[in-house]
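Please read these numbers as outputs of a predicted model, since none were measured by experiment.
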Amino acid sequence: MKSLAAVKIGPARLAAVGAPQREQLCGLLVDAGKLMSPDVDRALRLQREQDHWERIGSVLIKLGLVSETDVAESLAGQLGLDLADRADFPDEVPGNSDIAQRFLKKNKALILAEGEDELTVAMADPLDEYVVESLSLCSGKNIISRLGIPSEIEAALDSLYDGTGNAGSATDGEVAQYYDDVEQLKELAGEAPVIKLVNQLIQKAAECGASDIHIEPFEGQLKVRYRVDGLLREVDAPPLQSTAAVISRVKIMANLNIAERRLAQDGRFRQRVRGVEYDLRVSTVPTIHGESVVMRLLQRDAVAMDFSSLGFGDEQEQAMRDMLDTPHGILLVTGPTGSGKSTTLYAALKHLNQPERMIITVEDPVEYNIRGINQMQVKPQIGLTFANALRSIVRQDPDVIMIGEMRDTETAEIAVQSALTGHLVLSTLHTNDAAGSVMRLLDMGVQDYLLTSAVIGIQAQRLVRTLCTDCREAYSPIDEVVKRWELDRFTDGKPVTLHRPVGCDACGGTGYTGRLAIVEILLMTDAIRELVLKRCDAGEIARLANKQGMVTMRDDGLAKAVAGHTTIEEVLRVTPAAPENGS
């Protein structure tokens with residue numbers, strides 16, 4: 001049987017030749033939950049309308065509906081072939097030296113092993129009889145075909161033949177030659193291989209649940225890292241000579257100026273991955289080796305919009321709801337960058353979002369669109385700052401105002417005045433703990449008597465990685481650990497059991513899946529107000545709050561570690577040192 005890849009098939013013959021294969025592949029993807037039926041119809045329609053025939057798997061990948069891995073796994077099952085694992089890829093060229101590199105690269109074939117009578121080859125298209133027969137004729141051996149993921153085969157070939165005039169051997173001068181020619185950059189960025197390369201970076205990031213993609217040029221190297229569960233993880237990067245094209249492609253997608261490489265730029269675009277819409281925020285900054293690009297992936301449908309999903313306990317959730325039900329005042333959410341403050345504010349807005357309330361937000365940038373809420377994005381370049389925006393929206397007669405961040409004295413003062421004149425104000429601050437936010441506002445110039453009248457509560461938080469429930473391992477900690485952190489107070493005197501990460505396929509070998517918040521909530525009681533008016537420091541405020549029942553972030557984290565949600569190490573990694581004995 002001649003393979004489909006070796007025969008030119010026009011649209012008229014497509015249904016007759018390729019229908020069973022494509023229907024079976026699409027059916028497998030739908031059954032596996034990788035694809036939706038409407039997306040199948042869309043891909044088949046595009047396949048029919050194209051001037052040249054293309055495999056349905058390739059069409060699905062280009063549309064961003066599925067990943068290469070999804071297609072390869074389904075094809076392997078459909079064809080009854082083994083899927084080549086990257087661990088099986090050779091470190092050096094095995095095979096017959098008469099087999100040209102150009103032939104292997106053109107046909108996406110990688111020689112895995114060579115025996116006396118046979119040659120094991122990973123192929124993107126194992127049904128291509130022309131390639132199989134050519135390899136057999138050249139080597140004089142039987143060919144054992146295994147299905148390989150195209151991008152992995154290409155990366156392996158680039159690595160094997162690096163320094164021989166093929167991909168991966170470009171010098172810095174060769175990489176830089178395109179930077180002075182904007183038209184050449186646009187042309188490179190519009191080529192199919194570059195578009196495919198960038199789409200694959202985004203698809204793989206979405207598959208592993210990454211929140212950010214870092215594309216960083218260094219001397220003689222392009223590095224790509226994904227931030228997964230708050231920690232960076234290095235992944236296979238595109239070839240060095242593709243640096244200019246890849247970065248230009250991202251900038252074009254984000255509607256940025258590709259000719260401007262001296263200044264930082266920000267933009268955004270939308271990408272569909274495996275049937276899911278992602279908003280990607282793009283930031284570029286100039287470095288000595290080129291532009292560093294960071295893309296943040298925001299999946300609107302996956303955002304937890306309630307406190308329990310974020311990790312709040314029952315008492316903590318009730319405290320937040322009580323503060324949000326207050327008709328006026330300021331509720332602050334504090335923590336460092338990347339601690340989930342914005343997500344908590346969105347959960348608060350969801351609770352408040354009722355037809356009888358007028359809600360306006362001022363954000364930089366607007367991360368998620370919420371129906372029923374008026375959202376404004378600041379634009380400092382035209383004078384629309386947080387302070388100027390606040391002055392305008394107060395005249396809109398809102399019931400609730402959300403300020404993305406209190407960055408300066410002017411913004412803080414307007415927020416306080418808004419709270420004192422009958423508005424509920426939500427905002428964030430960058431401080432280490434709840435008590436530190438009080439001192440931060442005082443340092444910003446807010447008068448103490450206004451602060452105590454306006455602020456109703458401060459919630460601080462961090463994010464810790466949650467243990468994978470499929471592979472976590474229980475163990476009994478030594479007595480010194482139990483005593484050091486007083487873990488038995490969370491078990492009512494029963495033996496303490498902790499869990500450690502192990503790693504499995506479900507969690508990608510890390511032992512963790514997802515993150516949850518550990519929080520502390522400081523209520524502005526009369527006793528706390530007295531300390532603020534006396535200008536007491538943050539330590540005294542924290543000690544009094546603890547005596548009044550505030551659970552610190554560290555204690556909240558330790559309780560969740562004892563409950564099996566995370567580890568002691570994770571809690572200690574993200575929380576500031578607590579005062580001795582909580583006093």
Side-chain angles (χ1 to χ4, degrees), residues 207-212 226-234 302-304 306-318 320 335-336 338-341 343-344 347 432-433 459-521 546 550-582:
E207 287 174 15
C208 65
S211 60
D212 300 89
Y226 294 159
R227 187 176 294 279
V228 182
D229 294 336
L231 298 180
L232 286 173
R233 180 188 304 173
E234 189 166 351
V303 177
D306 60 87
F307 295 113
S308 59
S309 298
L310 296 175
F312 284 64
D314 293 340
E315 293 183 2
Q316 295 165 332
E317 182 175 352
Q318 189 58 50
M320 290 293 289
S339 59
K341 301 186 298 296
T343 307
T344 298
N432 289 329
D433 54 22
Q459 182 250 319
Q461 69 180 59
R462 297 288 190 279
L463 294 178
V464 294
R465 294 183 292 171
T466 53
L467 284 164
C468 174
T469 55
D470 290 340
C471 65
R472 64 179 181 178
E473 181 180 83
Y475 71 97
S476 298
I478 59 176
D479 293 340
E480 288 79 357
V481 171
V482 175
K483 183 178 180 181
R484 173 68 180 87
W485 304 112
E486 300 178 0
L487 300 180
D488 50 358
R489 58 195 161 123
F490 304 114
T491 62
D492 296 326
K494 297 178 182 177
V496 176
T497 300
L498 298 177
H499 293 76
R500 60 169 64 96
V502 177
C504 64
D505 292 338
C507 60
T510 64
Y512 296 94
T513 54
R515 290 185 291 176
L516 59 80
I518 55 175
V519 304
E520 66 183 26
I521 299 175
N546 291 342
M550 182 184 79
V551 178
T552 65
M553 281 184 289
R554 176 161 289 184
D555 280 352
D556 185 40
L558 293 174
K560 287 170 179 172
V562 171
H565 301 308
T566 187
T567 63
I568 294 285
E569 292 78 11
E570 272 293 295
V571 175
L572 300 181
R573 179 178 67 85
V574 302
T575 55
E580 288 297 324
N581 300 322

Straight-line distance of [X] [atom1] to [Y] [atom2], nearest 0.5 Å:
| X | Y | atom1 | atom2 | result |
| --- | --- | --- | --- | --- |
| Gln316 | Phe307 | CD | CZ | 11.0 Å |
| Arg472 | Thr566 | CZ | OG1 | 11.0 Å |
| Thr466 | His565 | OG1 | NE2 | 9.5 Å |
| Thr510 | Arg233 | OG1 | CZ | 5.5 Å |
| Leu467 | Thr513 | CG | OG1 | 8.0 Å |
| Leu498 | Glu569 | CG | CD | 8.5 Å |

Checking Tyr475 against His499 for the side-chain contact (heavy atoms from CB on, under 4.5 Å) test, could you report, in this order, the C-alpha distance in whole Å, the side-chain angles of both residues, the deciding distance, and whether it holds?
CA-CA 6 Å; Tyr475 71 97; His499 293 76; 5.5 Å; no

Any salt bridge linking Glu480 with Lys483? Criterion: basic side-chain nitrogen under 4.0 Å from a carboxylate oxygen.
no

Side-chain donor-acceptor contact under 3.5 Å, [X] with [Y]:
| X | Y | answer |
| --- | --- | --- |
| Asp488 | Thr491 | no |
| Ser211 | Tyr226 | no |
| Gln459 | Gln461 | yes |

Please name the pair of heavy atoms, one in [X] and one in [Y], separated by the smallest distance, quoted to 0.1 Å.
| X | Y | answer |
| --- | --- | --- |
| Gly503 | Cys471 | N-SG, 3.2 Å |
| Pro336 | Ser339 | O-OG, 2.7 Å |
| Gly335 | Arg462 | CA-NH1, 4.0 Å |
| Cys208 | Val228 | O-CG1, 3.6 Å |
| Thr552 | Glu520 | CA-OE1, 3.3 Å |
| Ala517 | Asp556 | O-OD2, 4.2 Å |

Quick one: do Leu231 and Tyr512 satisfy side-chain contact (heavy atoms from CB on, under 4.5 Å)? Show the steps, please.
CA-CA 11 Å; Leu231 298 180; Tyr512 296 94; over 6 Å; no

Within a strict 4.5 Å, meaning less than it, do heavy atoms of the Met320 and Phe312 side chains meet?
yes

What I'd like to find out is whether the side chain of Arg489 reaches to under 4.5 Å of the side chain of Asp555, using heavy atoms alone.
yes

[X] side chain to [Y] main-chain N or O, any donor-acceptor pair under 3.5 Å?
| X | Y | value |
| --- | --- | --- |
| Arg554 | Val574 | no |
| Thr497 | Ser476 | no |
| Glu570 | Arg465 | yes |
| Arg515 | Leu463 | no |

For Met550 and Ile521: C-alpha separation, side-chain torsions, deciding distance, then whether side-chain contact (heavy atoms from CB on, under 4.5 Å) applies.
CA-CA 6 Å; Met550 182 184 79; Ile521 299 175; 5.6 Å; no

What do the steps show when you test Val571 against Trp485 for side-chain contact (heavy atoms from CB on, under 4.5 Å), and what is the final call?
CA-CA 11 Å; Val571 175; Trp485 304 112; over 6 Å; no

